[in-house]
Amino acid sequence: MNGFDDAYEGALSLSARAMMAARGGEPGYLEGLNAAQREAVETLDGPVLMLAGAGTGKTKALTTRIAHLIHTGRARPNEILAVTFTNKAAREMKERVGRLLGGAIEGVPWLGTFHSVCVKLLRRHAELVGLKANFTILDTDDQVRLLKQLILAANMDEKRWPARQLAGLIDGWKNRALTPERVRGAETAAFNNRGSELYAAYQERLVTLNAVDFGDLLLHMVTIFQTHADVLAQYQRWFRYILVDEYQDTNVAQYLWLRLLAQGHRNICCVGDDDQSIYGWRGAEVGNILRFEKDFPGAAVIRLEQNYRSTEHILAAASRLISGNEGRLGKTLWTEARGGEKVRLIGHWDGEEEARWIGEEIEALAAGRRALGPVRLSDQAILVRASHQMRAFEDRFLSIGLPYRVIGGPRFYERLEIRDAMAYFRLAVSPEDDLAFERVINTPKRGLGDKAQARIQSLARETGVGLLEAARLMVAEGELSGKAGGQLRQFVEAVDRWHAEIRAASPATAVTAAEDDELLIEPEEGGIAPANDHSHVRLAERILEESGYVEMWLNDKTPEAPGRLENLKELVKALEQFDNLQGFLEHVALIMDNDRDESGDKVSIMTLHGAKGLEFPVVFLPGWEDGLFPSQRAMDETGQKGLEEERRLGYVGITRAERLCTISFAGNRRVYGQWQSQLPSRFIDELPAADVEVLTPPGLYGGGFGAAGAYGGAGAGFSGGSRLEERAGRADVYNSPGWKRLQAQGGQSAAPARRGAQVFDADAEDFEIGERVFHKKFGYGRVVATEGDKLVVDFEKAGEKKLLASFVVPAAQAGEVPF
DNA sequence: CGCGGCCCTATTTTT
DNA sequence: TAGGGCCGCG
């Protein structure tokens, strides 16, 4: 996991071949760039917006730009800040920059995720937000546990007001750079009127615990920059050139952070593609990219439009689909590639059949029984909208013995046993880490149940010390009887022992104080471990042994236990690459990577979101059915905006394919255990007929997909107009019992229901706070707040939801509604 | 404290 | 349908 740092270092010290390969006085790395890429590389000063369509070589442009900045002497490596969203992207960039530069370069660029860069900065300035430099970073799990405590402390029903929901709310605020004081208006009323209050309490608690959550990493830095001009000035001077990857995914906090850093020299280069913005639901603001030119007047806007990935048909289908969105910056992707397969479209009777067909198709491709010639399994991918769709494929592939790999899923560092082990390590490093204490005090069971823990808690509160100290007091006073008392004593002693050992090994763990004018810290991630005696690895093993944790799993006879022990071994092994436990914990908090073995010839199954940035020769896009894709929920919650994001998701999906893209849908699908008839996705209607080949499955059900008629007759007529009527008119071509049933049942399926709801063309201002309303799916509730065209409604059954006013009717009218 | 049964809910996910 | 969380019993 840390290998890339070593690779990076290694690459930097390689021979300077790439740079020496100058031709006509030009550095060799400029060769092979097209005109636009070259412009993006050579326009070094001032703001640059690089609009890079899918498959247009943006990483190449970005990394070459970094190399060019360094090579031309424009900046020293460590004066360059390059931020990405994922560790994977950061790693890839590091490798490629290293390869480009070759020669002996002094220092390395600050190249990492927003979060990892922020941690390093925040450690230097922690005291400015009331933290100590060694603060811990909580993950979602810790966060939720903490919030749960606060909700209970506020005397709220944790069932009606789930901590997860509050976590989401707070996350959203942090994404928008809202500190508790800054939450205002209707939003203060969120979460049973206690939202901002609980948020404030949570922040206080975090400071007490000397902890931050992921959102805080950015938020605290923005706060520091906004309130300490000297600190900001220092970094503005230091980071002379800034590069940002996937700019369309930045949220408000990240945007502010970047703007603050760049506003002096304005040497900022943002790379993004508004058409690939698919993370709006977690706070990303496409607006950031759309208004770049306003924020940075005089910005050079460079479009990367030549696609090197896909066939012309695939590109044409994707382009047509995305053209349905409004407010795009607009790009026209083109390719020199001619010919190739059309996008294939096929309908199936149900989800199982779809999985069966795709399985057979994959095998046929692998065996070379298709026009493309043999395609390895690892060159084929299935991209689904929602992870539950994966199951049908897994079931099918298991039964036919087709090797597959699910990408995504539960991550290594999120596993129970890993989190437990980490909590032990955390406690050993920082005995005052109360959250870690809570997590492991009774794991394995030590007879220290709720009652004993409550007593420790209250003693800690009374005396104002941490939990471990309180536990020590209780032991000293002999307040806990018999077995539990002995166990607690042993626990405290063990932690003391581990901690003493760590201190002996590295007495000066304190982060060096910040110098005023110079950044002495090195940007690279910790963990390049030379003279590493591995004593911390042995300590970690002992911690897991002495705590009884390993034994606990040895004694466990559930089928998962052996796997968990394996994982623990793997965890300990990962430690070898670090100097000490502290370094490991630091690193791991941010690298929640889940690279699993990418070896083996297997089909990949993943979500569309997970596929962003990847490419495959052959791509299957199943489940293109209205309500599933586009997702009903996305449309309910954010209306047109949501639909457009879904469309971008479709665009991302199609553009992953290099040579063959197959879209499919099923007429019937089991949803929450109930059979539902489905309508083909509206996005299918938006594909260009000339680039699509409609496959009719022989002998399965009559007629196949109605597109044959549609394309032949109506042509472009599928967009616009009354879709409902059109679909009804086409019902004869959906010649399947499922679709017939749909007709008979009218409002039973998702699509007609949606239209039913839309009968009420209401604006948010038509509703009053406190008004009782009815929603088709969520039932009755009261309006808590209005926000633009949206309402925040506290539903009796469903809890609080934010949705478009048009999906809700006054409760009084609900009786008259023809649902 | 552990287990069995009941109830409830049910995208997308990175750091 | 299915999995997770919670409660109550032994």
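Here is the naming used below: chain letters follow the sequence lines, and residue numbers restart at 1 for every chain.
- Using a 4.0 Å heavy-atom cutoff across all strands shown, A:K483 reaches no nucleic acid atom at all.
- Contacts of A:R164 with the nucleic acid, taken as non-hydrogen atoms under 4.0 Å apart, are absent.
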With the criterion being N/O to N/O and under 3.5 Å, what pairs connect the protein with nucleotides 11-13 of chain B, and how long is each?
residue	atom	partner	partner atom	Å
B:dT11	O4	A:A634	N	3.2
B:dT12	OP1	A:S387	N	2.8
B:dT12	OP1	A:S387	OG	2.4
B:dT12	O4'	A:R385	NH1	3.1
B:dT12	O2	A:W281	NE1	3.4
B:dT12	O2	A:R385	NH2	2.9
B:dT13	OP1	A:T607	OG1	2.4

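- In this entry the distance linking NE2 of A:H115 with P of B:dT15 reads 8 Å, nearest Å.
- A donor-acceptor contact closer than 3.5 angstrom links the side chains of A:Q149 and A:E438.
- Look at CG on A:D142: it is 14 Å from C1' on B:dT15, rounded to the nearest Å.
- Between A:N87 and B:dT15 there is a side-chain N or O to OP1 or OP2 distance below 4.0 Å.
- Applying the salt bridge (Lys or Arg N to Asp or Glu O under 4.0 Å) rule to A:E615 yields the partners A:R309; only residues at least two apart in sequence or on another chain are considered.
- Between A:K159 atom NZ and B:dT9 atom P the separation is 9 Å, expressed in whole Å.
- In A:D450, the CG atom is not crowded: 12 or fewer heavy atoms of neighbouring residues, nucleotides or ligands sit closer than 6.0 Å.
- For A:Y279 and A:W281, the ring centers are positioned less than 6.0 Å apart.
- Under the rule for a side chain to side chain contact (heavy atoms under 4.5 Å, CB included), the partners of A:T443 that lie at least two apart in sequence or sit in another chain are A:D420, A:Y549, A:M552.
- In the model, A:Y202 has a side-chain atom that pairs as donor or acceptor with a side-chain atom of A:D213 under 3.5 Å.
- Residue A:H220 contributes atom NE2, which lies 15 Å from atom C1' of B:dT15 at whole-angstrom precision.
- With rounding to whole Å, A:K88 atom NZ is found 10 Å from B:dT15 atom P.
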Output side-chain donor-acceptor pairs under 3.5 Å for residues 387-398 of chain A, partner residues at least two apart or in another chain, one line each.
residue	atom	partner	partner atom	Å
A:Q389	OE1	A:R385	N	2.9
A:Q389	OE1	A:A386	N	2.8
A:E394	OE1	A:Y404	OH	2.8

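- The distance from atom CD of A:Q674 to atom P of B:dA10 is 16 Å, rounded to the nearest whole Å.
- Among the protein residues, A:D171 comes within range of no part of the nucleic acid, since none of its heavy atoms lies under 4.0 Å from any strand.
- Whole-Å rounding puts the A:D213 CG to B:dT15 C1' distance at 10 Å.
- A:N251 meets the side chain to side chain contact (heavy atoms under 4.5 Å, CB included) test with A:N175, A:A253, A:Q254; sequence neighbours excluded.
- Of all nucleotides in DNA chain C, those with any atom nearer than 4.0 Å to a heavy atom of chain A start and finish, going 5' to 3', at C:dT1 to C:dC6.
- When the P atom of B:dT15 is taken as reference, atom CZ of A:F412 falls 16 Å away, rounded to whole Å.
- Among the atoms of the strands shown, only primed sugar atoms or phosphate atoms (P, OP1, OP2) are found under 4.0 Å from some heavy atom of A:G449.
- When only modelled atom types and interatomic distance are considered, A:E353 and A:H348 share a side-chain donor-acceptor pair under 3.5 Å.
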